[in-house]
Amino acid sequence: MKTGQELARAQQDRWQAAYEQNRWLHGAEPSAAARWTVRLFGAAGIDDVLELGAGHGRDALYLARQGFSVHATDFSESALDQLRREAQAEGLDDRVTAALHDVRDPLPPADGTVNAVYANLLLNMAFSRAELRSLVLEIRRVLRPGGLFVYTVWSTDDTGYGRCEDLGDGLATKDGFVGRYFDEGLVRELADRWELGGIEPYQEDSRRLFRITQAKPAA
Ligand SMILES: C[S@@+](CC[C@H](N)C(=O)[O-])C[C@H]1O[C@@H](n2cnc3c(N)ncnc32)[C@H](O)[C@@H]1O
């Protein structure tokens, strides 16, 4: 079994290679979660979003087209290059910024300065449970009181659950990618000291997922 650092490095290389092979790896259309999140953030009067694990930006670009300012981060430079190119081509570069960042490192924003954080299919990547807990703590730190966090993850109801090679600590691997299937218990554990708005099971393509909405308590 690789150490945490070795695993992280290998995953960064794996994602980088995948994006170099296919610039539109996740397609050009926004995810179902992004379409839903636009309505939630819009109704909450939010107009700027920090997106983590944005990939080549199908959702960041969609959010920007809907009028949001988006700061998108990922640990793959190839994906971010594609995102920047597309933002420029669509004339959205005044509303979309992109920066290389590994979410195992502290988030750059200062305490309480971010209105909303969005992460589609990032938390189910190759993170230990301890890394997940510190990432969620970091997100809470940077959000302003009342700020919103929406994220999605693979669910243990997915047909892939239990069919990939087990790496221990709840992680599994297929085709060189490492990830974790979430059950409701883990979602609730990560929502400790948050206001949990909802845990919605949903399906996209053939995948069974959870969409989680939580808010940093106002006081
Ligand atoms: C399943 S893809 C989802 C991409 C994008 N959110 C979307 O839905 O199109 C997961 C993304 O997380 C990124 N990622 C994985 N581990 C990361 C880490 N430790 N820090 C930052 N990004 C990471 C990968 O590079 C990849 O772009």
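One-based numbering, in listed order, for ligands and for the atoms of each.
- The single protein non-hydrogen atom nearest to atom 19 (N) of ligand 1 is D102 OD1, 2.9 Å, given as residue, atom name and distance.
- Here the protein heavy atom with the shortest distance to atom 13 (C) of ligand 1 is D74 OD2, 3.4 Å.
- Among protein heavy atoms, atom 10 (C) of ligand 1 sits closest to L121 O, 3.5 Å.
- Of the protein's non-hydrogen atoms, the one nearest atom 12 (O) of ligand 1 is L122 CD1, 3.5 Å.
- Of all atoms in ligand 1, listed by their number and element, those nearer than 4.0 Å to a heavy atom of V103 are 18 (C), 19 (N), 20 (N), 21 (C).
- Relative to atom 4 (C) of ligand 1, the option among A34, A72, G53, A126 with the closest non-hydrogen atom is G53.
- Nearest to atom 26 (C) of ligand 1 among the protein's heavy atoms is Y19 OH, 3.3 Å.
- Distances between N or O atoms of H26 and those of ligand 1 include no value under 3.5 Å.
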What do the steps show when you test K216 against E195 for salt bridge (charged side-chain N to carboxylate O under 4.0 Å, His left out), and what is the final call?
CA-CA 6 Å; K216 177 171 172 171; E195 283 167 13; over 6 Å; no
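- Atom numbering of ligand 1 starts at 1 in the shown order; those under 4.0 Å from a heavy atom of N120 are 3 (C), 5 (C), 6 (N), 8 (O).
- One finds the CG atom of N124 at 9.0 Å from the OH atom of Y181 (value rounded to the nearest 0.5 Å).
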Go through the steps for F177 and W15 under the test ring-ring contact (aromatic ring centres under 6.0 Å, His included), then give the verdict.
CA-CA 8 Å; F177 293 105; W15 278 103; 4.6 Å; yes
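- With ligand atoms numbered from 1 in the order given, ligand 1 contributes 20 (N), 21 (C) to contacts under 4.0 Å with heavy atoms of H101.
- When each atom of ligand 1 is checked for a heavy atom of R104 under 4.0 Å away, the hits are 19 (N).
- For R85 and E90, the salt-bridge test fails: no basic side-chain N is under 4.0 Å from an acidic carboxylate O.
- Residue pairs meeting the salt bridge (charged side-chain N to carboxylate O under 4.0 Å, His left out) criterion with at least one partner in residues 156-168, sequence neighbours excluded, are D158-R207.
- In terms of protein heavy atoms, atom 18 (C) of ligand 1 is closest to F75 CD1, 3.4 Å.
- R95 pairs by the side chain to side chain contact (heavy atoms under 4.5 Å, CB included) definition with A64, S69, L92, not counting sequence neighbours.
- Using a 4.0 Å cut-off between heavy atoms, A54 contacts ligand 1 through its backbone alone, with no side-chain atom that close.
- Judged purely by atom type and a 3.5 angstrom limit, E51 uses its side chain to pair as donor or acceptor with the backbone of A60.
- In summary, the atoms of ligand 1 found under 4.0 Å from a heavy atom of G55, numbered by their order in the structure, are 27 (O).
- Against a heavy-atom cut-off of under 4.0 Å, R58 is close to the following atoms of ligand 1: 7 (C), 8 (O), 9 (O).
- Aromatic rings of W154 and F210 (six-membered ring for Trp) have centroids beyond the 6.0 Å cut-off, not under it.
- No side-chain donor-acceptor contact under 3.5 Å links E86 to the backbone of L61.
- Side-chain contact between T213 and F149 is absent, with no heavy atoms from C-beta onward closer than 4.5 Å.
- Here's the thing with S76: none of its N/O atoms is less than 3.5 angstrom from an N/O atom of ligand 1.
- Taking the six-membered ring for Trp, H71 and Y118 have ring centres at least 6.0 Å apart.
- With a 4.0 Å heavy-atom cut-off, ligand 1 is reached by the side chain of W15 but not by its N, CA, C or O.
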